[in-house]
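This report concerns only the one structure given below.
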Amino acid sequence: MDDALSIKLELDKAECLRGESVFFKVTVTNDGQAPFSGFPEFDDDFKTVSLRAQSRRRQLTAGQLSAGHRDGVPHHDPQEPAPTITLQPGDSATLTGDLLEWFSYLYPDTFDISAIHIFGFESEPVRLTVRPCATVGATTSRVASQNPTAPLANAWVHDDSGENVIFYEQQSPIVPRNPRHGIRMATVKDAVDPQAAGLSDSTVETGHVVWLEGKKLHVASATIGDTADVHRGDLKAPFAGRILGSPLSAPNNTLWIPLINSDNTEAAIMQVASDGTAYTYPIPLGGTTPVGPYACYWEYDLRLHFCWAGDKGREVHHARLPLTDPDSGFVSRSAFVSDDPITWIAGYLDRDAPFREAPYFAEQTPPAQRDRPQPPPPPPIMLWCVAATPSALHCTRVHTGRGFETDRVTLGLQHADKMNVIGSVVTNEKYELAMLMADEHGRLFYASTALRYCDPLDKFISENVTTEAHPGLVTASPQGTSPWVYLRHVGQQKTVVFTRIEPREELDPVERHERKFEERRMRR
C-alpha cells in the first residue's frame, strides 16, 4: 500500500452510556507530494471502511452495511468496481457515522476502536469507555401514519447520581430493536415523564422530546447529522395537565404537541415553529367530557385525527384538523356508537382500502374516461374501538368516514372490565390490533386480534415484567418484512430491552444474526 495515504479515526466523546450515540469521523488523507488516483469513494455498497472494537474480553467488528444486515435487508455485491476519485496532495476524504448504529448496543467495557480501510491499512486506536446505564423510566410512542422509512422514536431516563438524564432514541422501522441513535437531550433534578415525538417522514432531521411541569412545557430538540446539535427551550402551556401520546416532529423543524388538562375537560394542540413561536388550537370536545379513551392520530404531516369517548362512554367522536391550515379549525362528527362502554381506541390509515374496494384497471374505466382515469379515493382513517365486559374484550374495527363497523373480534378474558389498557400497536400486516393490559396487581396481559386470544404476558415471554418496568408495545413499519410486535421495557440490568412477542415461532433478523454468531463462537 502506498505510504502516502494515512487514516485517522475521531470520536465525539471518550465515554458514553450503553445505548448512547458516539458519532465518529474517519478521515483518509493524501500526505504525499503527488496526486493519488484510484481512491474508492466511501459508498456503503462497496464496504470501503470497517471498524474494530477491541477490549480485554471481546473483539467486535462492524461495517457500513452492519445495520442493514441486522434489519435483514438483502445485499448483493456490486458487479462493477467502486467509483474512484483522485486525492490531490493534502486532500482528504471523510466518512461519518454513529457507533451505536454500526455496532448496536456495546456492552459496558473499555474498547480500543480502530478504522480499517479496504486497502488494508488501519488507524491508531481510540479509547472508548462504555458505562452501564441505570434506566429509571421509559416511554413508548403511540406511532401514527409516517413514512415507512422514518425511524421509530422513543424516550428513556437515566439516573446519574440523583439527576435524571433524558435520552431520545431512534430505532429501525424494519426491526424496532435495532438502534440508530441515542441522544442525550437534557439533565433535570426531578422525576419526569418525557414524551418523544414521532417522525412524520424520514427526511425530518430534528427530533423532539417534551415534558410538562405544571404549565411549563419543556422542549428539547436534536438535529441529527454528522453529530447531534441539541437545544432546549421552555414554553407556557395553555393549562396544567399532561401530554397526550404522542407529539409529532414534522418538516421544517415544526413540532406538534397534544395536551389535556388535569381533569380531562379541555384539550388542545400546540404548534411550535422552528423559531420557538407557539400557537394553540383548542380541540372542540363539546359535551363529551371528561375525556376517557382516545387516539391522537397523525396522518403523516397532513392532518390530525383526534378520536375520543367520554369516561365510560359508548359514543366515539372524531375531530379532524388540517395541519397545513390549522387556522381553519377542527371539523367534528360522531364516528361510532358502541353497545358497551369504550375502554381503548387505536387508529390507523388503511392504505390498502382504495385498491381493495375499487381496484384500478384501465379496462374497467368507462370508454369516455380512459384518457383521464380517476385516481383512487384517499385511504380512510380506521379505528379499533375496544369495549370490555366482565368476560371478554370486544374489538371493533370502525370506518370513521362511514361510521359503521367492518369487523369485530371477541377475546375471552375474565374480569376484562377491571383491566387497564396501557399500550397498543396496529401491525403492518392486515392491520391487526395488539394490546398490553394490566390488572389491579400490576400483572400484565397481552391481547391480539391476530392470535384471537388474550393471556398473561408471562405465557409469551420468559421474563416476569410488571408495570414497574415501564412497558410498552412497538411494531415494525410497513417497510418491515413481518409484523413483529415487541415488548419494550426496562430489563433487570436497568437497560431498555426489546422482547419479541409475536410471531412467536419466527426469529427476527437480529435474533438470527445473534444465533449464527453464537454458533460460530461455540465451534471455536
Side-chain angles (χ1 to χ4, degrees), residues 17 19-21 98 100-101 133 135-147 150-158 164-173 176-188 191-202 204-213 217-224 228-233 235 242-251 253-259 269-272 295-298 300-301 304 422-425 436 470-477 486-490 495-498:
L17 291 173
E20 181 176 4
S21 286
D98 186 340
L100 181 62
E101 184 172 17
C133 57
T135 308
V136 293
T139 56
T140 305
S141 298
R142 292 181 68 175
V143 177
S145 283
Q146 61 181 45
N147 186 295
L152 306 177
N154 294 298
W156 56 282
V157 181
H158 163 69
N164 295 297
V165 184
I166 300 171
F167 278 86
Y168 167 77
E169 68 176 8
Q170 290 184 351
Q171 311 294 134
S172 167
R177 61 185 296 196
N178 195 5
R180 289 194 174 178
H181 304 293
I183 309 300
R184 187 181 296 245
M185 302 291 276
T187 299
V188 298
V192 293
D193 188 29
Q195 300 289 321
L199 299 169
S200 65
D201 193 88
S202 56
V204 176
E205 297 179 344
T206 301
H208 300 85
V209 173
V210 296
W211 63 100
L212 191 62
E213 297 177 5
L217 183 63
H218 303 276
V219 179
S221 64
T223 302
I224 302 174
D229 185 17
V230 178
H231 295 276
R232 179 178 168 183
L235 297 168
R242 72 183 193 278
I243 299 166
L244 296 174
S246 294
L248 178 73
S249 295
N253 195 14
T254 301
L255 172 65
W256 296 88
I257 309 171
L259 302 163
I269 300 296
M270 285 189 69
Q271 178 192 21
V272 184
C296 189
Y297 188 82
W298 306 99
Y300 305 104
D301 56 356
L304 164 68
I422 59 177
S424 72
V425 291
L436 190 64
H470 308 279
L473 295 180
V474 293
T475 188
S477 81
Y486 296 88
L487 176 73
R488 177 179 179 268
H489 67 285
V490 179
T495 61
V496 175
V497 296
F498 292 78

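- The shortest side-chain heavy-atom distance between V230 and Y168 does not fall under the 4.5 Å cut-off.
- Heavy-atom minimum distance, C296 versus L304: SG-CD1, 3.6 Å.
- A heavy-atom distance below 4.5 Å is found between the side chains of P173 and R180.
- Contact of the V165 side chain with the E20 side chain is not registered, since no non-hydrogen atoms from C-beta on lie closer than 4.5 Å.
- Residues R177 and Q171 form no side-chain contact, since every pair of their non-hydrogen atoms from C-beta on lies 4.5 Å or further apart.
- Checked against salt bridge (charged side-chain N to carboxylate O under 4.0 Å, His left out), R488 has the following partners two or more places apart in sequence or in another chain: E169.
- H470 pairs by the ring-ring contact (aromatic ring centres under 6.0 Å, His included) definition with nothing, not counting sequence neighbours.
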Distance-only donor-acceptor hits, side chain of residues 195-202, under 3.5 Å, sequence neighbours excluded:
from: D201; atom 1: OD1; to: N147; atom 2: ND2; distance (Å): 3.3
from: D201; atom 1: OD2; to: T203; atom 2: N; distance (Å): 2.8
from: D201; atom 1: OD2; to: T203; atom 2: OG1; distance (Å): 2.6
from: S202; atom 1: OG; to: T149; atom 2: OG1; distance (Å): 2.9

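- Using bins of under 30°, 30° to 60° and over 60° for the plane-to-plane angle, the ring pair Y486/F498 lands in the perpendicular bin.
- Considering only heavy atoms from C-beta on, I257 stays 4.5 Å or farther from H208 through its side chain.
- Once rounded to the nearest 0.5 Å, the distance linking SG of C133 with CZ of F167 reads 8.0 Å.
- A heavy-atom distance below 4.5 Å is found between the side chains of R232 and H218.
- You'll find the side chain of T140 stays beyond 4.5 Å of the side chain of H489, heavy atoms only.
- Listed here is the closest heavy atom pair of A155 and P194: CB-O, 4.0 Å.
- Looking only at side-chain heavy atoms (C-beta outward), L152 and Q146 come within less than 4.5 Å of each other.
- Here L235 contributes atom CG and M270 contributes atom CE; the two are 5.0 Å apart, rounded to the nearest 0.5 Å.
- Pairing each heavy atom of L436 with each of L473, the nearest pair is N-CD1, 3.6 Å.
- For D98 against S21, the heavy-atom pair with the smallest separation is OD2-OG, 2.5 Å.
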